[in-house]
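Here the structure comes first, spelled out in structure tokens, and everything after it is commentary.
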Amino acid sequence: MNSSPSSSRSRLRALDPRRSRADSHILLTISEGLAGLGIVSAVCAIAGFFDDVGDSIVLGITGVLFTGVGVLARVKLKRRRRPTTAAVLSGLAATWVALVLVGTAVYLISGTISRVDDALVEAAAGFSTTALTTLDPSELSVPMTLWRASTQWVGGLVGILIGVVALPMALQGQRLTPTEWSGDHNTFARGKIARRRQVMAIYLGLTTIIGAAFAAAGMGAKHSAVHALTTISTGGFSSVPDSFASFGTGPTAVATVGMIVAGSGYAIIWWAIRGRGKALRQSIELRVYGAILLFGTLSVWWRADGLSWHDSLFTTASAASTTGFAVADWTSQHDAVTALLLVIIATGSMIGSAGAGLGISRARILVGFARRELRRQLDPGSVVVLKTGGQAVDDRAIERITGHQIAHLATCATAAGLLALAGVDLLGAIYTGISVLSTHGPGIGVGAFGNLENFSQPARLLLVPFMLAGRLSLVPLMIGIVWIVHAQQGLRRESRAFLRVWPERLASSSLFARRALFARREQ
């Protein structure tokens, strides 16, 4: 049956590219991310101008170009009031890819890295806040050192915005992690823009405080700035090849406190700022986080050789927050130490922090779910209610968290298998796969200081998609993949519709032209 002219016009309007660009949430999200990177690049260019003019010019051009992109997008694009979940999460994934591509180009154009694959790995490690590198940090210029650290700062901010702003509002109450603070709507600003500004203000304030503390502890200006940027973001990139092994007790203590704070959830930090001591005391997730730090420190101190209690605390805090800093080569320690640290790395930090991993709240709920099922096996008639924060967890939430855990384990296994096929030894492949998916990085195979010099080029490239999965978490990644598949299917449907409509439009246009020509001849 032939379609009516009105339906044909509506389909053509839907296919109009100007209309699709005008309200594209994904394009606007990408432009905002690039604009933020542009501002950071301009600051790095100014700060390091007198050290290396060439690198500063490259970063300055990057800053001007992408800041302009952000301003132009504000004018040309309009934000949807209620974008779909797929559009929000796909926009985040597309933004990360765009940032990595820009970072790759900056490394190549500045001459910092000559190989495209190494530049891609370096950019991915930066924006995913993974403590891996193909560079010798001591050979970088001041502007490029600051820029490399700033990429992790931007990546950490994106990670917090995903957990605190994008996911809660995009999923519209269907939370994958029913933590006690996620339901406290009085804690945060209600609107998306207001909450985002709140997060950015706290993130920038903590960065400034940690940088000042590093400077007061005796670090120079460059080292203080770099480590402040990579501590609060749980990035782990250091301006020296051996991380904190060459710094004294003062900077190490500042980094320890900074990593513990960075691994805490945003709600915990906000409660501390607001002086809500009762909420802090009642937070079960915070108690578990503290227990992990205490138990890990005591265990590492007991079994490790040559590590003091504060070095053990530093190592445990680096693992629990998935930062990746190192004060010593802990990968050569007793197997019990490396195994314990792997479990801590896989568990990850608190929900709503810049760290990654499975998440303490998810891990705690899964343990409770396993205990409940064991009790049901022993007593089938028993009724066991799983609670978190004094609230019962419904079975649908448990199913979603269980599904997330299955996907997480499957991704770890896939990463380990591919790395083993690329020539990494089996133990190193397993450790690296789990560590990279948690955005930690260092471990057996890579080493404690995260240098990839012993990894082949194929093995390095294999790490890139798993860095993406770790930074964005598997939920946005899986939804983004589904959205791409659906978008391709929709594009094919729209193309077929267009092919059906355009002959009608062409025939109508030709008839109109013939009638107009006939009318002129009659005159």
Side-chain angles (χ1 to χ4, degrees), residues 21-49 52-79 87-88 90-113 116 119-129 140-162 165-166 193 196-197 199-200 203-204 207 225-226 229-230 233 235 237 464 467-468 471-472:
R21 283 198 300 267
D23 58 355
S24 175
H25 180 85
I26 296 177
L27 287 179
L28 187 58
T29 304
I30 294 173
S31 63
E32 288 178 347
L34 293 177
L37 180 63
I39 295 173
V40 169
S41 300
V43 172
C44 294
I46 295 172
F49 183 79
D52 193 307
V53 177
D55 288 345
S56 295
I57 291 176
V58 172
L59 294 179
I61 294 174
T62 303
V64 172
L65 177 62
F66 290 108
T67 303
V69 168
V71 174
L72 183 63
R74 288 275 183 173
V75 176
K76 296 294 183 180
L77 303 176
K78 61 181 179 181
R79 187 187 302 275
V88 173
S90 300
L92 293 171
T95 300
W96 191 89
V97 172
L99 291 174
V100 170
L101 292 177
V102 171
T104 303
V106 168
Y107 287 126
L108 293 173
I109 294 173
S110 64
T112 304
I113 301 176
V116 176
L120 178 63
V121 172
E122 196 69 29
F127 289 107
S128 65
T129 68
L140 295 177
S141 64
V142 171
M144 288 307 301
T145 304
L146 293 174
W147 193 81
R148 175 61 173 82
S150 297
T151 60
Q152 293 198 326
W153 190 84
V154 172
L157 178 59
V158 170
I160 296 177
L161 291 176
I162 290 173
V165 181
I193 296 177
R196 183 169 58 183
R197 290 175 179 173
V199 170
M200 293 176 65
Y203 191 71
L204 182 60
T207 304
V226 168
L229 294 169
T230 58
S233 63
F237 176 78
V464 173
M467 293 179 191
L468 167 63
R471 177 65 282 162
L472 294 179

Next on the checklist: Using modelled atom types and a 3.5 Å cut-off, is there a donor and acceptor pairing between side-chain atoms of Ser56 and backbone atoms of Gly48?
Outcome noted: yes
Item to check | Pairs meeting criterion salt bridge (Lys or Arg N to Asp or Glu O under 4.0 Å) with involvement of residues 148-160, two or more places apart | outcome: Glu122-Arg148
Next on the checklist: Under the rule for side chain to side chain contact (heavy atoms under 4.5 Å, CB included), what residues qualify as partners of Val53, not counting sequence neighbours?
Outcome noted: Phe49, Ile57
Next on the checklist: With rounding to the nearest 0.5 angstrom, report the OG1 to CG distance, Thr29 to Leu161.
Outcome noted: 11.0 Å
Next on the checklist: For Trp153 and Leu146: C-alpha separation, side-chain torsions, deciding distance, then whether side chain to side chain contact (heavy atoms under 4.5 Å, CB included) applies.
Outcome noted: CA-CA 10 Å; Trp153 190 84; Leu146 293 174; over 6 Å; no
Item to check | Sequence-distant partners of Thr104, side-chain hydrogen bond (donor to acceptor under 3.5 Å, both in side chains), two or more places apart | outcome: none
Item to check | Heavy-atom side-chain contact between Gln152 and Leu229 under 4.5 Å | outcome: no
Next on the checklist: Please find the pair of heavy atoms, one from Pro143 and one from Cys44, that lie closest to each other, and give the distance.
Outcome noted: CB-O, 3.8 Å
Next on the checklist: Can you list everything that forms a side-chain hydrogen bond (donor to acceptor under 3.5 Å, both in side chains) with Thr230? Sequence neighbours excluded, please.
Outcome noted: none
Checklist entry - Do you know which two heavy atoms are closest between Ala125 and Met467, and how far apart they sit? => result N-SD, 3.5 Å
Checklist entry - For Ala98, which residues count as a side chain to side chain contact (heavy atoms under 4.5 Å, CB included) partner, sequence neighbours excluded? => result Ile30, Leu34
Checklist entry - Which atom names give the shortest non-hydrogen contact between Leu59 and Ala45, and what distance separates them? => result CB-CB, 3.8 Å
Checklist entry - Of all heavy-atom pairs between Ser150 and Val40, which one has the smallest distance, and what is that distance? => result CB-CG1, 3.1 Å
Checklist entry - What distance separates Arg471 CZ from Thr129 OG1, expressed to the nearest 0.5 Å? => result 4.0 Å
Item to check | Results of ring-ring contact (aromatic ring centres under 6.0 Å, His included) for Tyr107 - residues two or more places apart only | outcome: Trp147
Next on the checklist: So, using side-chain hydrogen bond (donor to acceptor under 3.5 Å, both in side chains) as the criterion, who are the partners of Ser233 when residues are at least two apart?
Outcome noted: none
Checklist entry - Looking at residues at least two apart in the chain, or sitting in another chain, which of them share a ring-ring contact (aromatic ring centres under 6.0 Å, His included) with Trp96? => result none
Checklist entry - Can you name the nearest heavy-atom pair linking Thr62 to Ser41, along with the distance? => result CG2-OG, 3.8 Å
Next on the checklist: Once side chain to side chain contact (heavy atoms under 4.5 Å, CB included) is applied, do any residues pair with Ser31, and if so which ones, sequence neighbours excluded?
Outcome noted: Leu28, Val69, Ala73
Checklist entry - For Thr95, what residues pass the side-chain hydrogen bond (donor to acceptor under 3.5 Å, both in side chains) criterion, not counting sequence neighbours? => result none
Checklist entry - Hey, are the side chains of Leu37 and Phe66 touching, using non-hydrogen atoms and a 4.5 Å cut-off? => result no
Checklist entry - Rounded to the nearest 0.5 Å, how far does OG1 of Thr112 lie from CG of Leu140? => result 6.5 Å
Checklist entry - Just wondering, do Val116 and Leu108 contact through their side chains at under 4.5 Å, heavy atoms? => result yes
